[in-house]
Amino acid sequence: MATSDSEDFESADEGHGSPDKKERKKRLSSSNYSDNALETEQKASNTPKKSSNVKNVEEIPKETDGWDDFDIDDNEPAPTPAPAKSNVQNQNKTIEDKPSNVKESKKSQDTGWDDFEDWGEEDTSSNVQKPEPKPVQSKPQPAQSQKPEPNIQEVTDRLAAASTGGGGWGWGWSVDSLLSTATAGISTITSQVSQGISTVLETGIGAPDPEELARRSVKTNETKTDRPAPAQEADKRPETGSEQEASAGDAAFPFGSLLSGVTKFVETTGTKVIHGGLDTLETIGKKTMEVLQDGDPGLAKKRAMLGLGAGDKPVLSQVLREAKAKAEEEDKVREEKREAKEVHYENLFDDFEGLVHLEALEMLSRQVSMRIEERIRSVDVEKRQDIKETLQQVAELCEMPEEDDDDEESPSEDLSKPDAFHERLQTATQDLGLKLQFLPLVKQYTDVLAYLSSPDADSVKSVYKRGVSSLAQGTALSVEQYHKAAEMLLVKTRRSTADEADALTQMTVVLTKHISELATLFTEKLNALPSDNKEQVNTYITNIFLEAGNSSTYIQNAFQLALPILQIGAV
Amino acid sequence: MAYAYLFKYIIIGDTGVGKSCLLLQFTDKRFQPVHDLTIGVEFGARMITIDGKQIKLQIWDTAGQEAFRSITRSYYRGAAGALLVYDITRRDTFNHLTTWLEDARQHSNSNMVIMLIGNKSDLESRREVKKEEGEAFAREHGLVFMETSAKTAANVEEAFINTAKEIYEKIQEGVFDINNEANGIKIGPQHSTAGGASGAGGAGAGGAAGGGCC
């Protein structure tokens, strides 16, 4: 859209002679107009310089047409008689009024373009004849403008002086000053036009409903009908200039720059209008949606009761409200699901990277098992039996000891629980020959103990949540130990399988004990908390023990996955 | 938490090129100038959104040390994407690319998307490998190329996300069979409950619809 418009501008710039696509786009009235323009040219043909100026004048309306097209296509104007009437009143104006109307119409984007345009064309046709008597009339012209600004007075005075003077130098001076005045005039116009546009935008934006919008647009139009006056005045300046130059003689060339100034101004204002128009549409759309969503909730029901919204057409606001209600319900369901997931052991275990460590350990385990099988296949039959026996021995070493009666050498009393746990882990794995990082496990234990003795642990639900989460985290950190141990064992240069197997078995004992210790801590806390729903507490306690069992299973599985890694060191 | 897909990535390359730092920058948006040597493999994860879908990137950051080579190789399997990293200030890390690439191609599925990364682009004064050389290598081997800096975070996000986009496109094209987990793609919990049987076709249609609305 915008590009095609700018093309139009360019073609307008290029030359008057080409009756380009813009002409085609025009309706009947426009063909009228171009005929008239031709007439003018013919009439003016006696004085070639003058005709060139008429052409210039003619081009300006062409740009107008570009605008008209744009507005018709995009803005879908709601015709309001007001501006049209004002235009009719102005009809007696001379051809110079044309550009001022351009501006006027730009201000009133949403007003009756159709009427206006039609008028514009007719007006042109009726006025085209006028340029002939014009030079004579140049004096009375300022009188037409309601508030003659000093500028205009000055210009016209100069013009008068120039026409009486008639000397070559005098003309040169006159043209110069005319141009500067004209430029000033144009900048005034531009600022006025953009002000006008912003007024339209501002008044159009906050519209809460169509009635209000309509009322406002009428108001805007009213203000607009007042506004054109100064714009027209300002407009006359360049136009008067053109008249003057026509009679002045060799002034066609400097006037070209004025023309390009005008075109440029139309272009820039054009982009403003395009952006402004789109912004307005967007804002109105957004506002409407807001109003529909937040507005009077009873309205749709009332309408439905009255049968207003009946028929096959769905009521937009109702549809929106239903969608909103549905979304709210979905949110609620999602919230519940999220809550359920929060205490879902497997998800938590995954979040703590337990699952991925287990997966990686599985990959290593499978890889190593294949290598062991390869090795068995590659050796003699007698040797195969030896290997299988060795493998069996290692596997037996890794069997979990029966419930140990000796309550182990209980670490010195002065150690804190986490430190004692750390020491047990280090003692268990001292023969492994690896430096495992137990600190995350120890830290987690410290955190759990701190939480349970803090005032945060005040509700049954939050203690339960934390319990499940702690078990999942403890298990994930434990599984990571097997994964790391397996990796390090595989790169270890000197293997001592029996020691390693024993160490890992001991570590498993310590870790599974740790898990049941965690479970006990949480269930004790749950029992200690005051609660009016004992049944709920019992369910939570059962779940904690269930997940503790789950955790132990994960840990022992991880240990079993590490078995081939221990075995391969022996064969 | 809930995701539509999970993509498994591996980061490979010589030791000290900044693999772990790239991961830390991507997952935690921070830089650690001194980093412990990676043992075997470390993990990182982050959610990203592609085409309106939540995708969990599960990144396996492998050890670059030669000693771990045999172990890390076993992790290549089932990766959907790989970041092959070298250090632009150390030419030897660039020279080893061919070996890494052969390794990756041999131990992973053929559809794996490989992104070549020249890291430490902030150390321009110490540059030993021209950007053009990296580009040429990538072109020659059909890789995507990018220079990154785990320190300044330049291009880090792009490297991970562009790889994911390429994987996602391959899913849409049907190159990846998402029901085969050996491809390094898992369907999220939402999808599997929605209709696991429809499989790739269903996911493809969903993707097309998503594209239409955007």
Side-chain angles (χ1 to χ4, degrees), chain A residues 330 333-344 346-371 434-437 439-440 469 472 476-477 479-494 561-562 564-565 568, chain B residues 1-3 6-11 15 23 27-28 35-47 54 56-80 103 106-109 181-190 192-194:
Chain A
E330 274 171 12
V333 172
R334 208 174 299 138
E335 180 64 22
E336 279 166 10
K337 271 189 187 164
R338 196 184 58 80
E339 195 128 292
K341 220 173 245 173
E342 236 170 54
V343 285
H344 190 276
E346 260 72 31
N347 284 330
L348 289 163
F349 183 62
D350 188 11
D351 289 347
F352 290 119
E353 292 183 346
L355 220 48
V356 74
H357 276 292
L358 206 57
E359 192 185 328
L361 181 58
E362 261 170 41
M363 291 174 103
L364 282 182
S365 186
R366 213 178 305 131
Q367 194 92 3
V368 173
S369 298
M370 276 159 59
R371 264 160 61 193
L434 307 171
K435 266 185 87 180
L436 289 174
Q437 287 299 319
L439 282 175
S469 157
L477 290 170
V479 168
E480 186 178 346
Q481 294 304 322
Y482 291 96
H483 177 215
K484 285 290 142 205
E487 285 178 336
M488 292 201 250
L489 284 174
L490 282 173
V491 297
K492 206 173 141 197
T493 41
R494 274 182 51 200
L561 284 171
I565 288 114
I568 204 168
Chain B
M1 290 285 260
Y3 50 83
L6 182 145
F7 295 166
K8 174 182 168 179
Y9 277 20
I10 51 167
I11 312 183
T15 182
L23 175 62
T27 57
D28 285 29
H35 214 280
D36 289 344
L37 279 177
T38 307
I39 293 163
V41 67
E42 297 290 346
F43 305 105
R46 205 185 115 178
M47 284 285 199
Q54 288 280 93
K56 181 175 177 177
L57 298 185
Q58 188 185 74
I59 302 138
W60 295 44
D61 167 32
T62 65
Q65 281 176 292
E66 188 62 41
F68 286 105
R69 260 324 238 293
S70 67
I71 294 175
T72 52
R73 257 183 225 128
S74 44
Y75 297 138
Y76 291 6
R77 231 182 88 84
D103 240 25
Q106 199 183 333
H107 294 92
S108 67
N109 59 318
E181 286 197 0
N183 280 326
I185 297 158
K186 286 178 193 163
I187 310 166
Q190 321 166 315
S192 48
T193 50

Tell me which of these, A/Val368, A/Leu364, A/Val356, A/Leu490, has more heavy-atom pairs under 4.5 Å with chain B than the rest.
A/Val356

Test side-chain contact (heavy atoms from CB on, under 4.5 Å) on B/Ile39 and A/Lys435 and set out the steps.
CA-CA 11 Å; B/Ile39 293 163; A/Lys435 266 185 87 180; over 6 Å; no

Nearest 0.5 Å please: distance from the CD atom of B/Glu42 over to the CD atom of A/Glu353.
8.0 Å

Sort by residue number and list every member of residues 61-73 of chain B having a non-hydrogen atom under 4.5 Å from chain A.
B/Ala67, B/Phe68, B/Ile71

Write down the atom of A/His483, the atom of B/Val41, and the distance for their closest heavy-atom approach.
CE1-CG1, 3.5 Å

So which heavy atom on A/Met363 is nearest to which on B/Ser74, and how close?
CE-O, 3.4 Å

Tell me, side chain or backbone of A/His357 under 4.5 Å from chain B's heavy atoms, or both, or neither?
both

Nearest 0.5 Å please: distance from the CD atom of B/Gln58 over to the CG atom of A/Leu355.
8.0 Å

Point-to-point distance, once rounded to the nearest 0.5 Å, from CG of B/Asp36 to CD of A/Gln437
8.0 Å

Applying side-chain hydrogen bond (donor to acceptor under 3.5 Å, both in side chains) between B/Tyr75 and each of A/Glu359, A/Glu487, A/Gln367, report the one that passes.
A/Glu487

